[in-house]
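A quick write-up on the structure given underneath.
Computed from a prediction, not measured in an experiment: that's the story for all the values here.
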Amino acid sequence: MTAFKSDFLNVLQERGFIHQCSDFEGLDALAAKGQAIAYVGYDCTAPSLHIGNFLTMMMLYWLQQSGNKPITLMGGGTTMVGDPSGKDETRALRSIEEIEANKASIRGVFAKVLRFGDGASDAIMLDNAEWLTKLNWIEMLRDIGRHFSVNRMLTMDSVRLRLEREQEMSFIEFNYMVCQAYDFVELARRTGCRLQMGGSDQWGNIVNGVELGRRMGTQQLFALTTPLLTTSSGAKMGKTAQGAIWLNADQCSPYEFWQYWRNTEDADVARFLKLFTILPTAEIDELAALQGAEINEAKKALADAATTLLHGADAARQAAETARKTFEEGAIAENLPTVETSDAELEGGVGVLTAFVKAGLVASNGEARRQIKGGGLRVNDVPVTDDKMTLTPADLTDAGVIKLSLGRKRHVLLKPA
């Protein structure tokens, strides 16, 4: 391990955040003086950010803790273009109204992790729509576009991989990297920002900004990326059979968020404790040393710490208590996720396959049938053996709900509206 001068890079290295950096020595010197102003961009493609974004938010957290200044950049402008990185086809263009609604929904999550204000190391939030939407086309071509080599742009992974697979790339997507690079230059001029951080899939886009800054006369700019995370089994981090793990509580309840971390694979616990919590590394090392069934205590510590960071200590305690009641006592805890069905629908009988799909526990009827064959689905803690079973008011418990379970760890309550 390299011994850096700055707390910022030492912490990031110790906790496993660093993948690539354009100039370690220059960035280290800047951060050691508390003069590193850095940003991460967040496009507004959905009403909530997800766990992949949580990773870069943690980079901004440690930047701030080391006395440097974070910027969260809302992609009000770049979302209109669409990032082609890692995509096999053109993103659907979103309306201005949808982008604005997503932006408003996303904003609040940053204050859970970062301290905003007017102080030297307080975070600020900006929106690239402020400058991108005001660019004149001809001026943009002359002042910015002339610094880009099409030959080099064609070698970027986001473009090259699409072309190699003979999948169409629209001209608007081709310009995404120009917009992102210009963001870096604009932030350098407006705020003195010198560092852009992101996932490793953004390396080419970030380096483009560093190079554009050099050509357009900014101070030296820096690029720093974190590894794109997969679990030890090779699955993409933050994805489940039911979709992404969102950061907004209305998209993914604190209980579901807590449970995601509680279900972490054994081999990933120590790594995720370092990346997604602020627990001291000495405490993490003690948790990582637990063996056998005791590793579950480390998983609970991970779930508690990650949920506390994002949703608060009360939500984490409630989630842990819900899990304890559900798994250790077999009780139906009131904080379990709930889906509603109409009284009329329940009177007529709800097919068990339909109920489990509606609850989001399985993705399709076919998957539900496979789970039934393997003994994976339960209704009110009783294994489902007949895929033609229907749920009626007779299945309601004393609590007025029907408990649907996938395995022993995932539960949803079906409740009459």
Side-chain angles (χ1 to χ4, degrees), residues 15-16 48 50-55 57-58 112-113 229-279 283-338 359-362 371 376-378 381 403-413:
R15 299 182 83 100
S48 173
H50 52 73
I51 280 183
N53 304 124
F54 194 26
L55 186 64
M57 287 166 61
M58 292 307 298
K112 306 280 184 68
V113 177
L229 283 184
T230 56
T231 64
S232 57
S233 63
K236 188 173 181 181
M237 174 70 191
K239 291 283 187 180
T240 67
Q242 286 69 49
I245 300 298
W246 302 105
L247 303 187
N248 282 20
D250 58 352
Q251 298 277 108
C252 177
S253 72
Y255 170 78
E256 292 171 297
F257 189 77
W258 189 96
Q259 196 61 44
Y260 174 79
W261 299 108
R262 172 62 181 83
N263 292 337
T264 295
E265 296 174 29
D266 292 1
D268 292 325
V269 175
R271 185 164 54 119
F272 291 173
L273 278 164
K274 289 179 180 179
L275 294 171
F276 295 102
T277 81
I278 58 175
L279 294 177
E283 185 176 340
I284 291 172
D285 289 341
E286 290 178 10
L287 290 167
L290 297 175
Q291 299 292 320
E294 286 188 333
I295 193 69
N296 289 325
E297 296 307 310
K299 294 180 182 182
K300 290 176 185 176
L302 168 62
D304 287 343
T307 307
T308 296
L309 189 60
L310 191 70
H311 295 297
D314 287 344
R317 277 194 296 271
Q318 278 190 357
E321 181 62 11
T322 297
R324 189 188 68 77
K325 285 182 178 178
T326 304
F327 307 136
E328 296 175 14
E329 298 178 9
I332 296 179
E334 61 183 16
N335 293 319
L336 284 175
T338 302
L361 290 169
V362 293
Q371 289 287 351
L377 300 188
R378 293 170 179 262
D381 298 321
K403 182 182 176 186
L404 307 178
S405 305
L406 171 62
R408 297 190 178 279
K409 295 183 178 180
R410 299 203 63 214
H411 309 274
V412 173
L413 305 181

Task: Ile295 versus Leu290, closest heavy-atom pair with distance - done: CD1-O, 3.7 Å
Task: Distance-minimising heavy-atom pair for Leu287 and Ala301 - done: CD1-CB, 3.8 Å
- [ ] Please identify each residue that fulfils salt bridge (Lys or Arg N to Asp or Glu O under 4.0 Å) with Glu297, with sequence neighbours left out.
- [x] Lys300
Task: Beyond-backbone contact of Arg262 with Asn296, side-chain heavy atoms, under 4.5 angstrom - done: yes
Task: Residues that His50 engages under ring pair (Phe, Tyr, Trp, His ring centres under 6.0 Å), provided they are two or more places apart - done: none
Open item on the list: Check whether Ser48 reaches the backbone of Leu247 with its side chain - one donor and one acceptor, N or O, closer than 3.5 Å.
Closed with: yes
TODO: Report yes if the side chains of Val412 and Thr338 come closer than 4.5 Å at any heavy-atom pair, otherwise no.
DONE: no
TODO: Could you tell me which residues satisfy side chain to side chain donor-acceptor pair (under 3.5 Å) with Lys274, sequence neighbours excluded, listed by chain and number?
DONE: none
TODO: Please name all residues satisfying ring pair (Phe, Tyr, Trp, His ring centres under 6.0 Å) with Phe54, sequence neighbours left out, ordered by chain then number.
DONE: Phe276
Task: Interatomic distance, Phe257 atom CZ to Gln251 atom CD [nearest 0.5 angstrom] - done: 13.5 Å
- [ ] Measure the spacing between CD1 of Ile245 and CH2 of Trp261 and express it to the nearest 0.5 Å.
- [x] 9.0 Å
Open item on the list: For Asp285, give me all partners under side chain to side chain donor-acceptor pair (under 3.5 Å), at least two apart in sequence or on another chain.
Closed with: none
Task: Non-neighbouring partners of Thr308 that pass side chain to side chain contact (heavy atoms under 4.5 Å, CB included), sequence neighbours left out - done: Ala313, Ala316
TODO: Please name the pair of heavy atoms, one in Ile284 and one in Leu279, separated by the smallest distance, quoted to 0.1 Å.
DONE: CD1-O, 3.4 Å
Task: Set of side chain to side chain contact (heavy atoms under 4.5 Å, CB included) partners for Ala249, sequence neighbours left out - done: Pro254, His311
Open item on the list: Less than 4.5 Å apart, side chain to side chain, heavy atoms only: is that true for Leu229 and Ile51?
Closed with: no
Open item on the list: Looking at every non-hydrogen atom in both residues, tell me the closest pair between Val269 and Lys299 and how far apart they are.
Closed with: CG2-CG, 3.7 Å
TODO: Apply salt bridge (Lys or Arg N to Asp or Glu O under 4.0 Å) to Asp314 and list each qualifying residue two or more places apart in sequence or on a separate chain.
DONE: Arg317
Open item on the list: If I take atom CZ from residue Arg378 and atom CD from residue Gln371, how far apart are they, to the nearest 0.5 angstrom?
Closed with: 12.0 Å
Open item on the list: If the condition is salt bridge (Lys or Arg N to Asp or Glu O under 4.0 Å), which residues does Asp268 pass it with, not counting sequence neighbours?
Closed with: Arg271
- [ ] Apply side chain to side chain donor-acceptor pair (under 3.5 Å) to Glu256 and list each qualifying residue two or more places apart in sequence or on a separate chain.
- [x] Ser253
Task: Closest non-hydrogen atom pair, Leu275 against Met58 - done: O-CG, 3.4 Å
TODO: Take Arg410 and Leu404 through the side chain to side chain contact (heavy atoms under 4.5 Å, CB included) test and state the conclusion after the steps.
DONE: CA-CA 8 Å; Arg410 299 203 63 214; Leu404 307 178; over 6 Å; no
Open item on the list: Test of understanding: with side chain to side chain donor-acceptor pair (under 3.5 Å), list the residues that count as partners of Thr307, not counting sequence neighbours.
Closed with: none
Task: Considering all heavy atoms, the nearest Tyr255-Pro337 contact - done: CD2-CD, 3.4 Å
Task: For Ala320, side chain to side chain contact (heavy atoms under 4.5 Å, CB included) partners two or more places apart - done: Trp258, Asp304
TODO: Please examine the side chains of Thr277 and Leu302, heavy atoms only from C-beta on, and report whether any two atoms are closer than 4.5 Å.
DONE: yes
